[in-house]
Amino acid sequence: MPTLATAVLRYLHEVLGIEAPAVKPWARANELPYFLRDAFQFSELELLGQPIVLAIGRAEAKQSLSEVRTWLDKVQALAGQPAVYVTDALASYDRRRLIEQKVPFIVPGNQLYLPDLGLDLREYFRRRAPATEALSPSAQAMLITALLRQPWQSDWQPSKVAVALGYTPMTLSRAVKELTAAGLATAYTIGRSRWLRMELPPAQVWERAKPALRTPVRRTVWVAAHGIVAHRPSRLAGLSALARYSMLAEPKWPVFALTAADWKAATDAGVRELPEPEAGAQEWQLWNYSPALVPDANTVDPLSLTLSLQENADDRIQLALDELKGQLPW
């Protein structure tokens, strides 16, 4: 088996976390023109149920990148299945050219770019992990952070988002697997950096994701407003936040959001939960993830806010949520 083909199997396992079956010679390679057989060693493997032809560049034959797209199209037309360019090294400007032309390629140990396979991968993962299976709070928080980033960027580094949210490498790894498994993003690498790409515009990603998203509110507590200035949460949530985005009237009791860790710090400092609301009380929502996904804001982010109220049957609240939807950054 060619060394590069072996490296491809190892790399697919590292990047996608799956075991790919062994590579075998592609049976129809002899039907190709001589110049293609001179330029490439052709192999075949099955990736997540999808047969793929690997066009492995021969070291002794320099491939013209300007023609690789055309050559792969010829192979794909004959094979009736995706064809992927494999090489042991690519200069950064050559990688950019191939990506601009949407040429699928694998540089084992360095980068994987499979735009044509994105849908197939997503469909496979959706079969394994249905969209109705909820994302973990960490994956949900990372997705919402990426969706709300301005200016919008379809490609993003999950590690940077995870660091900002205080997540461990293990949590980051699980979240990336969840997002790719749910068909919400595809993963690729550049050098040692893992990237995620959202193939659809943010509004469509949001709609696709919603069945897998859950309210961030773990539970709600009532506290007395007096004497807790030092530990009062800074982010308005619930109906208080929705009133800022719509014509909805302010609720009787202000609503704030905080994390479970913040609640523990507050109770350690003497803040006590009330058995029921009283005059001057506040409603505090304990969230499963940070209520501060959008920096420099007085309210929780609009997507998490929507999720926290979407099950409320009050028509006034649903109308206000429609107003909020019209203010989303996309």
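Along the sequence shown, the residues carry numbers beginning at 1.
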Discussion item. Is any side-chain heavy atom of E199 closer than 4.5 Å to one of T186?
Written reply: yes

Item to complete: Answer with yes or no whether the hydrophobic clustering places V255 together with L309; edges join I, L, V, M, F, W, Y residues whose side-chain heavy atoms lie under 4.5 Å apart.
Response: no

Worksheet item: Do any N or O atoms from the side chain of R218 and from the backbone of A260 form a donor-acceptor pair under 3.5 angstrom?
Response: no

Item to complete: For R244, enumerate each residue passing the salt bridge (Lys or Arg N to Asp or Glu O under 4.0 Å) test, keeping only those at least two apart in sequence or located in another chain.
Response: E250

Practice prompt. Report yes if the side chains of Y11 and V86 come closer than 4.5 Å at any heavy-atom pair, otherwise no.
Written response: no

Fill in: Pair E273 + R219: basic N to acidic O under 4.0 Å
yes

Worksheet item: Is there any ring pair (Phe, Tyr, Trp, His ring centres under 6.0 Å) pair reaching into residues 164-184, and which pairs are they, with sequence neighbours excluded?
Response: none

Worksheet item: With a 4.5 Å heavy-atom cut-off, do Y113 and L98 have their side chains touching?
Response: no

Discussion item. To check you understand the geometry: which heavy-atom pair defines the closest contact between R37 and A29, and what is its length?
Written reply: CD-O, 3.4 Å

Fill in: same_hphob_cluster(L293, M142) at 4.5 Å side-chain heavy-atom cutoff
yes

Item to complete: Kindly indicate whether the side chain of P51, heavy atoms from C-beta on, has any atom under 4.5 Å from the side chain of E44.
Response: yes

Discussion item. Checking S193 now: which residues fulfil side chain to side chain contact (heavy atoms under 4.5 Å, CB included) with it, not counting sequence neighbours?
Written reply: Q157, W195

Worksheet item: salt bridge (Lys or Arg N to Asp or Glu O under 4.0 Å) with E323: which residues, sequence neighbours excluded?
Response: none

Discussion item. Which Ile, Leu, Val, Met, Phe, Trp or Tyr residues join L319 in one cluster when any pair of side-chain heavy atoms under 4.5 Å counts as a link?
Written reply: none

Worksheet item: Any idea which heavy atoms bring S43 and V23 closest together, and the distance?
Response: CB-CG1, 3.2 Å

Fill in: Flag side-chain contact, heavy atom, 4.5 Å: L165 against S138
no

Item to complete: List in chain and number order the residues that pass ring-ring contact (aromatic ring centres under 6.0 Å, His included) with W253, two or more places apart in sequence or in another chain; answer none if no residue qualifies.
Response: W222

Discussion item. Can you list everything that forms a salt bridge (Lys or Arg N to Asp or Glu O under 4.0 Å) with R316? Sequence neighbours excluded, please.
Written reply: D314

Worksheet item: Roughly how far, to the nearest 0.5 Å, is the CG atom of L147 from the CG atom of L328?
Response: 10.0 Å

Discussion item. I need the Y188 OH to I106 CD1 distance, nearest 0.5 Å.
Written reply: 15.5 Å

Discussion item. Parallel, tilted or perpendicular, judged at 30° and 60°: which one describes the rings of Y85 and F40?
Written reply: perpendicular

Discussion item. Would you compute the distance between atom CG of L54 and atom CD of Q41 and round it to the nearest 0.5 angstrom?
Written reply: 10.5 Å

Worksheet item: Looking at V8 and P108, what are the two nearest heavy atoms and their distance?
Response: CG2-CG, 3.9 Å

Discussion item. On a heavy-atom basis, which atom in E178 and which in A139 lie closest, and how many Å separate them?
Written reply: OE1-CB, 3.7 Å

Worksheet entry | Note, T145 side chain near W156 side chain (heavy atom, < 4.5 Å) | no

Discussion item. Using only atom types and a distance under 3.5 Å, with no angle test, would you say the side chain of R214 pairs donor to acceptor with the backbone of P211?
Written reply: yes

Worksheet item: Heavy-atom distance under 4.5 Å between the side chains of V84 and V53, does that happen here?
Response: no

Worksheet item: Any donor-acceptor pair under 3.5 Å linking the side chain of R208 with the backbone of L184?
Response: no

Discussion item. Could you work out, with side chain to side chain donor-acceptor pair (under 3.5 Å) as the rule, every residue matching T168, not counting sequence neighbours?
Written reply: T171

Worksheet item: Listed by chain and number, what are the salt bridge (Lys or Arg N to Asp or Glu O under 4.0 Å) partners of K264, not counting sequence neighbours?
Response: D268

Worksheet entry | Counterpart residues, side chain to side chain donor-acceptor pair (under 3.5 Å), relative to E207 (two or more places apart) | K210

Discussion item. To the nearest 0.5 Å, what is the distance between CG on L324 and CG on L242?
Written reply: 6.5 Å

Practice prompt. First locate atom CD1 of I317, then atom CG of D322, and finally report the distance between them rounded to the nearest 0.5 Å.
Written response: 12.5 Å

Worksheet entry | E133 (side chain) donor-acceptor with A212 (main chain) under 3.5 angstrom | no

Item to complete: Give a yes-or-no answer on whether the side chains of Q285 and S308 include a donor-acceptor pair shorter than 3.5 Å.
Response: no

Worksheet item: What pairs of residues pass the side chain to side chain donor-acceptor pair (under 3.5 Å) test when at least one of them lies in residues 289-300, not counting sequence neighbours?
Response: Q140-Y289, Y245-T299, Y289-S304

Worksheet item: Is L274 linked to V217 within one hydrophobic cluster, defined over Ile, Leu, Val, Met, Phe, Trp and Tyr using a side-chain heavy-atom separation of less than 4.5 Å?
Response: no

Worksheet item: Under a single-linkage definition using a 4.5 Å side-chain heavy-atom cutoff for Ile, Leu, Val, Met, Phe, Trp and Tyr, are L213 and W330 assigned to the same hydrophobic cluster?
Response: yes

Worksheet item: Quick one: does S173's side chain have a donor or acceptor within less than 3.5 Å of a partner on P169's backbone?
Response: no

Worksheet item: Taking R235 for the side chain and A241 for the main chain, is one N or O donor matched with an acceptor at less than 3.5 Å?
Response: no

Discussion item. Strictly by salt bridge (charged side-chain N to carboxylate O under 4.0 Å, His left out), give each pair with a member in residues 146-162 just once, sequence neighbours left out.
Written reply: D155-R197

Practice prompt. Search all heavy atoms of P254 against all heavy atoms of S240 and return the closest pair with its distance.
Written response: CA-OG, 3.5 Å

Discussion item. Hydrophobic clustering (ILVMFWY, side-chain heavy atoms < 4.5 Å, transitive) - are L200 and M198 grouped together?
Written reply: yes

Worksheet item: Is there side-chain contact between W287 and V300, with at least one heavy-atom pair below 4.5 Å?
Response: yes

